[in-house]
Amino acid sequence: MISDYFYLLFTISLLANSALMVVTHQSSNGNRISDAPKDQMTESKEWTRDAIQKMWSERNLMGSTPIHVIDPPGLPSVRLVFKNESASLTGSLKHRYSWSLMMWALLEGHVKNGTHVFEASSGNTACSLGYMCRLLGLQFTAVVPDTIEQVKVRRIEEQEGFVVRVPISDRLIIAEQLAKSTGGFFMNQFKNAFHAEEFHESGSASSKPSANLMHELFHQLNSTPPSIFVHPAGTGGTLSSIGRYAKKYGLDTEIVLADTQYSIYYDYVLNGTFSKNTGAHHWVAPGMAGIGYGAMGPAQIAETTSLDPAVIDRVLKIPDLASTAAMKVARDVGINGGTSTGVNFLAALHIGALIRAQNPKNQEIFTIATILADSGKYYETTYFNRKWISEKFKTHGGLPVYDCWLQVIQDCWISGKDPLDIGRKMC
Ligand SMILES: Cc1ncc(COP(=O)(O)O)c(C=O)c1O
């Protein structure tokens, strides 16, 4: 009897408790679970399906960018292969990259019919993403550094994009604020290239072509992986996609990051530093447009950068004035590229000289692959202009140091010696 009484009390208290939990649960998040049976369609996917189809048509139109092969006269066992991304429809490596970003944003539902897209960019991504937005009938606004070349602004405007100029370190904050205040979507290449890069490969398992640069290059080299792939990082999205592809498919290619002088990426990759503290105070203007990481706070993977240290095998640090001089030498030998192309040309000559020193009698040909990322024509008024170089690189030593590097790189092109080693001592 007594036990029945306690059992009854116990049951009542249990029921009261669970009722309380339900009430608490409901009131804490305000959600109710729908009653069964129910059967209802979600939001229409028609526009998105159509947009994705347009993106695949665009991918077919893109085809493959050409490769440009050159044999440095001083390095008989080295072949340099430049993947010429300046030949893509919007003129840079950011064409395939923006394709992937947009594909990711469509699939994840961040971009829908009528979404106003915002992006922080040094110009190339803005132009390419502007193109993708125009293709899909979407509004686009680019938040760019106030130091941007006018020719890049014109390219964005040709794609019907709006351009907002801000100090370089404010780009991300302002793009985010603008998107928030207008109900738009901030694409945020620095953060989301990390996710979107997987979409570069989306063609591999189907009849659709992959947009991964390494995939394309591998086939253009008759399925022989290059010994080295070298490139700098801005967001790090491009190099990470190349490195991931090489690692995932077991390609025997060393992935080399060529970092700019005042960028924190060298230390971030090698020692894991700068992911909690900023390197902004190390940054020295003008830097190399579009590459390096300096003024944007700590480098946190998939937050503020898409550079994945896990796929990088080796890191180089290259002086900015040397890269600027390398742009000129590269152009004189037929590689007419911009800032990152200058870095790539110099880094490749350095690596080539080391290969030669380590294998003096080796008849084997080593392929060093890299990217001609955008055209030199965008930098006529800046990195190819002696007056601009003299002013902007004054604290680096100005024209005398530039001319010294120019001479060293020209000589090493012919002799096969290491321009980085010699220039560091001489210039
Ligand atoms: C000319 C050029 N090269 C290289 C890069 C760096 O590419 P990523 O952002 O994929 O690291 C950029 C970035 O804007 C660029 O404009």
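Just follow the structure's listing: the first ligand is 1, and inside any ligand the first atom is 1. Just so you know, residue 1 is the first one in the sequence shown, and it goes up from there. Note that the structure is a prediction, hence the values are computed from the model and not measured.
The backbone and the side chain of Thr235 each have at least one atom closer than 4.0 Å to an atom of ligand 1 (non-hydrogen atoms only).
Between Trp104 and Phe185, the ring planes lie tilted relative to each other; the angle falls in the 30° to 60° range.
Distance alone, capped at 3.5 Å, places no donor-acceptor pair between the Glu254 side chain and the Ser227 backbone.
In summary, Glu391 and Lys387 engage in a salt bridge, as defined by a charged side-chain N under 4.0 Å from a carboxylate O. A salt bridge links Asp313 with Lys247: at least one charged nitrogen is closer than 4.0 Å to a carboxylate oxygen. Arg386 and Asp403 are joined by a salt bridge, as a carboxylate oxygen and a charged side-chain nitrogen come within less than 4.0 angstrom of each other.
Close contacts between ligand 1 and Ser340 involve ligand atoms 1 (C), 2 (C), 3 (N), 4 (C) [criterion: under 4.0 Å to a heavy atom]. Every atom of ligand 1 with a heavy atom of Ala373 under 4.0 Å away is listed here by number and element: 1 (C), 3 (N). Taking a cut-off of under 4.0 Å to the non-hydrogen atoms of Ala233, the atoms of ligand 1 that pass are 11 (O). Counting the atoms of ligand 1 from 1 in the order shown, those under 4.0 Å from a heavy atom of Asn124 are 1 (C), 15 (C), 16 (O). The ligand atoms of ligand 1 that sit less than 4.0 angstrom from a heavy atom of Tyr97 are 10 (O).
Donor-acceptor pairing under 3.5 Å is lacking for the side chains of Ser210 and Tyr245. Using a 3.5 Å distance cut-off with no hydrogens or angles, the side chains of Thr305 and Tyr268 do not pair a donor with an acceptor. Looking only at atom types and distance, the side chain of Ser375 has no donor-acceptor partner in the side chain of Ser86 under 3.5 Å away.
The two atoms that bring Gly294 and Trp283 nearest to each other are CA-CE3, 3.5 Å, heavy atoms only.
Where the criterion is an N or O separation shorter than 3.5 Å, residue side chain and backbone included, Gln189 fails it with respect to ligand 1. Annotation: Gly236 places an N or O atom under 3.5 Å from an N or O atom of ligand 1; distance criterion only. At under 3.5 Å, a nitrogen or oxygen of Gly234, whether backbone or side chain, sits near a nitrogen or oxygen of ligand 1. Considering backbone and side-chain N/O atoms, Thr125 never comes within less than 3.5 Å of an N/O atom of ligand 1.
Using a 4.0 Å cutoff on heavy atoms, Lys94 counts as a contact of ligand 1. Residue contacts with ligand 1 include Ser122, since one or more of its heavy atoms lies under 4.0 Å from the ligand. For the ligand labelled ligand 1, residue Asp374 lies inside the 4.0 Å heavy-atom shell. Remark: distances from the non-hydrogen atoms of Gly338 to ligand 1 are all 4.0 Å or more.
Scanning the protein for heavy atoms near atom 12 (C) of ligand 1, the closest one is Gly290 O, 3.5 Å. Of all protein heavy atoms, the one lying nearest to atom 5 (C) of ligand 1 is Ile291 CG2, 3.6 Å. Regarding atom 10 (O) of ligand 1, its nearest protein heavy-atom neighbour is Thr238 OG1, 2.6 Å.
Aromatic rings from Tyr293 and Tyr265 are positioned such that their centres are separated by under 6.0 Å.
Checking each of Asp374, Thr324, Thr341 against Tyr379 for a side-chain hydrogen bond (donor to acceptor under 3.5 Å, both in side chains) leaves exactly one that passes, namely Asp374.
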